[in-house]
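Letters go in sequence order (proteins before strands), and every chain restarts at 1.
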Amino acid sequence: MTTRTDYCGRLDTSDVGRVVTVCGWVARRREHGEHLAFIDLRDRTGVVQCVVDGAADLRNEYVVAVTGTVRERPEGTVNPELATGRVEIGDTTVEILNPSDPLPFQIDSRVEVDETIRIRHRYLDLRSERMQRNMRLRARVNSAIRRAMEAQEFVEIETPMLIASTPEGARDFVVPSRLQPGSFYALPQSPQLFKQLCMVGGIDRYFQLARCLRDEDLRADRQFEFIQLDMEMSFADGADVRAVISEAVAAAVEEVTGTRPPSFPEITWQEAMERFGSDKPDTRFGMELVELTEVFADTGFNAFKAPSVKGIRVPGGASLGRNKLDQLTDRVKSWGAKGLVWIKVGDAGQVTSPVAKFLSETEVAGLLAATGAEAGDIIYLVADEWRTVVRILGLLRLELGRPPVTEGGLDFLWVTDFPLFEDIDENGTPVSAHHPFTMPGAEYVDGLAEAAGDPEKLLAMTSQAYDLVLNGWELGSGSVRVHRADIQNAIFSLLGIGPEEAQAKFGFLLDAFRYGAPPHAGFAFGIDRVVAILAGEENIREVIAFPKTQSGADPLTHAPTPIDPAQLDELGLRLLPPKS
RNA sequence: GGUCCCGUGGUGAAGUCUGGAGUUCACGCCGGCCUGUCAAGCCGGAGGUCGCGGGUUCAAAUCCCGUCGGGACCGCCA
């Protein structure tokens with residue numbers, strides 16, 4: 001085979017006169033009769049025009065080596081759209097290294113190809129400029145993060161993929177054991193427990209670009225398997241962790257954009273919920289939630305006689321028709337709201353609403369003042385329990401105002417002081433918001449036992465847990481961990497986990513903690529998500545080389561597939577008949 | 001478990017609401033012409049189980065039911 005001397009996209013006028021050999025795929029041909037044709041040859045760096053004597057035996061996507069002389073293009077034929085547009089390769093000989101059948105879809109971006117077809121033929125899709133760019137961007141982000149962590153004296157440690165199933169958290173992927181039929185490994189949802197063991201082991205600063213697996217439903221920002229920057233550090237608090245992560249993320253952003261982002265603002269979970277109705281607020285746009293409970297404190301309108309009333313104002317939203325508003329109301333109800341009240345503001349400040357007749361003049365005036373509504377605006381209101389109100393309006397805010405991923409810049413945000421417990425179950429037992437090794441807020445550490453059985457106190461307790469949010473996507477979360485047995489026992493007690501159960505579930509961690517566990521804290525954030533946003537993609541599949549569909553299937557390899565009965569037999573497994 | 005949207009030559013779309021001959025557009029593919037194009041151009045051609053199954057009807061891409069596949073979302077994701 002002819003030896004390549006140059007990459008297509010790197011030739012320029014400084015190469016004029018050189019005899020070069022470039023290798024790649026025929027991206028396009030332009031024939032001008034029997035003895036003149038232009039070939040755009042594509043490799044990973046771009047395309048270059050080759051002038052050939054007839055191209056009758058060349059077809060799109062043939063793999064060829066072209067040898068010829070780099071020359072400046074004749075006057076008037078320079079293509080300013082092309083990086084190599086000032087030059088071309090002439091006096092060429094073409095060696096066909098491999099022909100190609102016509103492709104199932106075109107590589108160029110002239111038409112948006114159905115994503116299933118792209119994934120089924122991902123080896124072709126990867127040739128596209130978009131996928132080349134995304135894959136290389138991802139590699140640069142990985143590299144920048146690794147360098148930033150190493151510069152901060154973190155050591156990369158690999159943790160096992162075949163681990164014990166733990167009952168908490170997401171649904172595990174499980175792997176049957178051949179040597180111990182009837183027993184199973186789980187694939188890690190994260191290296192959580194191992195990295196804490198690393199702290200006990202004196203590693204001091206651990207990191208890993210860790211593959212994590214969770215058997216939960218897939219979404220635009222969720223695949224079964226994903227990569228996290230996972231880290232843990234000893235003798236450190238939450239602020240230390242946030243500084244380290246901020247540095248790594250800033251390094252990644254700088255690598256991609258050339259600009260270092262400003263330091264990331266921090267708000268508490270409580271503030272995020274009050275203002276944005278979300279623990280992962282998209283702060284690229286306004287439309288914040290407006291507190292209206294006081295305005296309607298003495299209302300005669302039954303629907304507003306609720307613990308909490310809030311609204312959001314959409315500037316210029318009054319032009320929405322009745323049909324659209326009904327659809328929106330249905331949508332909001334599907335999220336679990338009792339209903340959605342809308343109020344339009346007219347030119348003279350008068351309000352139009354199905355419920356206008358139930359509202360007093362004072363209430364309307366208070367509403368307009370609180371929301372700052374102007375003529376042409378629409379206000380949506382929800383009244384219910386506080387948690388429901390903020391959740392519904394948070395979803396509605398995104399539905400109505402969320403910009404495309406490529407607009408509004410990069411809005412990083414730390415959300416701190418998450419609640420320690422997210423709910424109380426029907427037995428009166430609190431449910432961990434993060435995981436049971438999360439350190440409570442400093443002011444609650446000594447009062448854990450007294451809070452038992454008091455839902456109000458339990459739900460008011462914060463934890464030293466924090467999330468990193470980018471443009472409304474949760475990039476990741478972390479916390480200060482409990483390293484003291486007395487605090488851990490108090491939390492287990494609140495969660496209704498007795499000593500035997502704790503030992504059964506997390507025994508090896510608790511054992512390790514008896515031998516001098518240092519105070520430690522950590523974090524993990526999703527590489528796929530940050531890369532997608534940096535790449536301007538709405539979907540992490542676009543930054544994953546071989547992704548799965550929403551139903552968890554791989555159109556390329558057809559996974560998952562049934563397995564041979566002999567394999568099942570070896571594992572001591574038998575299939576149940578399919579559910580009808 | 002649930003809601004919504006999509007499925008039409010190789011690719012992308014229109015046609016579906018309001019039933020009437022597989023109709024249209026762009027790209028690609030095949031052949032011809034063409035010596036400076038670059039999303040080349042011009043001429044000609046091939047290519048279809050309108051996802052699948054059932055129903056309604058004189059007649060279904062179109063209406064109804066079911067099903068499969070894809071997507072967005074709710075639940076789920078400590």
Between the side chains of A:Arg118 and A:Glu542, is the shortest nitrogen-to-carboxylate-oxygen separation below 4.0 Å, so that they form an ion pair? yes
C1' atom, B:G31 versus B:G47: distance in rounded Å? 14 Å
Among residues at least two apart in sequence or on other chains, which ones pass ring-ring contact (aromatic ring centres under 6.0 Å, His included) with A:Tyr185? none
Show the distances under 3.5 angstrom between N or O atoms of the protein and N or O atoms of nucleotides 25-32 of chain B.
{"residue": "B:C27", "atom": "O2'", "partner": "A:Gln106", "partner atom": "OE1", "Å": "2.9"}
{"residue": "B:C27", "atom": "O2'", "partner": "A:Gln106", "partner atom": "NE2", "Å": "2.3"}
{"residue": "B:C27", "atom": "O2", "partner": "A:Gln106", "partner atom": "OE1", "Å": "3.1"}
{"residue": "B:G28", "atom": "O4'", "partner": "A:Gln106", "partner atom": "OE1", "Å": "3.3"}
{"residue": "B:C29", "atom": "OP1", "partner": "A:Asn60", "partner atom": "ND2", "Å": "2.8"}
{"residue": "B:C30", "atom": "OP1", "partner": "A:Arg59", "partner atom": "NE", "Å": "2.7"}
{"residue": "B:G31", "atom": "OP2", "partner": "A:Arg59", "partner atom": "NH2", "Å": "2.8"}

Length of the line joining A:His35:NE2 and B:C34:C1', which is rounded to integer Å: 13 Å
Ring-plane angle category for A:Phe523 and A:Phe525, please: parallel below 30°, perpendicular beyond 60°, tilted otherwise. tilted
Using a 4.0 Å heavy-atom cut-off across all strands, classify A:Glu61 as base, sugar-phosphate, or nothing. nothing
Between C1' of B:C38 and NE2 of A:His32, the distance in whole Å: 8 Å
Using purine N1 to pyrimidine N3 plus N6-O4 or O6-N4 for Watson-Crick, or N1-O2 and O6-N3 for G-U wobble, both under 3.5 Å, which nucleotide pairs with B:U62? none
Please report the distance, rounded to the nearest Å, between CZ in A:Arg30 and P in B:A39. 7 Å
Measure CD1/A:Ile39 against P/B:U35 and give the value in whole Å, please. 17 Å
Length of the line joining A:Arg42:CZ and B:C38:C1', which is rounded to integer Å: 15 Å
Grab the NE2-C1' distance between A:His435 and B:C77 for me, whole Å please. 15 Å
Atom P, compared across B:C50 and B:A21: separation rounded to whole Å: 15 Å
Sort out the partner of B:C42 for me: Watson-Crick or G-U wobble, both distances under 3.5 Å, none otherwise. B:G32
Please collect all side-chain hydrogen bond (donor to acceptor under 3.5 Å, both in side chains) contacts where either partner lies in residues 459-476 of chain A, sequence neighbours excluded, each pair once. none
For A:Phe285, does the six-membered ring have the charged nitrogen or CZ of A:Arg397 within the cation-pi criterion, i.e. under 6.0 angstrom from the centroid and within 45° of the normal? yes
Apply ring-ring contact (aromatic ring centres under 6.0 Å, His included) to A:Phe224 and list each qualifying residue two or more places apart in sequence or on a separate chain. A:Phe173
Rounded to whole Å, the CG-C1' distance (A:Asp53 to B:U35) equals 10 Å
Base, sugar-phosphate, or nothing for A:Pro74, non-hydrogen atoms under 4.0 angstrom? base
With sugar-phosphate meaning primed atoms plus P, OP1 and OP2, does A:Gln192 contact a base, only sugar-phosphate, or nothing at under 4.0 Å between heavy atoms? base
Between the side chain of A:Arg73 and the main-chain N/O of A:Gly85, is any donor-acceptor distance below 3.5 Å? yes
Any N or O donor-acceptor pair under 3.5 Å from the base of B:U37 to the side chain of A:Glu31? no
Nearest-angstrom distance, C1' atom, B:G22 to B:A60: 13 Å
To the nearest angstrom, the CZ-P distance between A:Phe105 and B:G12 comes to 10 Å
Pair partner, B:A26 [Watson-Crick or wobble, under 3.5 Å]: B:U11
Using the test side chain to side chain donor-acceptor pair (under 3.5 Å), find all partners of A:Gln106 that sit at least two apart in sequence or belong to another chain. none
Which nucleotides of nucleotides 67-76 of chain B have their base under 4.0 Å from a protein heavy atom (B), which only their sugar-phosphate (S), and which neither (-), written as one string 5' to 3'? ---SBBSBBB
Counting the atoms with a prime plus P, OP1 and OP2 as sugar-phosphate, which does A:Ala37 contact under 4.0 Å by heavy atoms, base, sugar-phosphate, or nothing? nothing
Sequence-distant partners of A:Phe513, ring-ring contact (aromatic ring centres under 6.0 Å, His included), two or more places apart: A:His520
With rounding to whole Å, what would you report as the distance between B:A72 and B:A46 at their C1' atoms? 38 Å
Using atom P in both nucleotides, what's the gap between B:U62 and B:C6 to the nearest angstrom? 14 Å
Between B:U23 and B:G45, how far apart are the P atoms? Round to whole Å, please. 16 Å
Stacking check: are the rings of A:Phe38 and B:U37 less than 5.5 Å apart at their centres and under 30 degrees in tilt? yes
Identified pairing partner of B:C4, criterion: Watson-Crick or G-U wobble below 3.5 Å: B:G71
Pairwise C1' distance, B:C68 and B:G32 [rounded to whole Å]: 44 Å
Please collect all salt bridge (charged side-chain N to carboxylate O under 4.0 Å, His left out) contacts where either partner lies in residues 74-88 of chain A, sequence neighbours excluded, each pair once. A:Arg71-A:Glu88
Suppose you measure atom P in B:C27 against the same atom in B:C74; what distance do you get, rounded to whole Å? 40 Å
Scan every strand shown for a Watson-Crick or G-U wobble partner of B:U57, both distances under 3.5 Å, and answer none if you come up empty. none
Considering residues at least two apart in sequence or located in another chain, which fulfil the ring-ring contact (aromatic ring centres under 6.0 Å, His included) criterion with A:Phe437? A:His435, A:Phe506
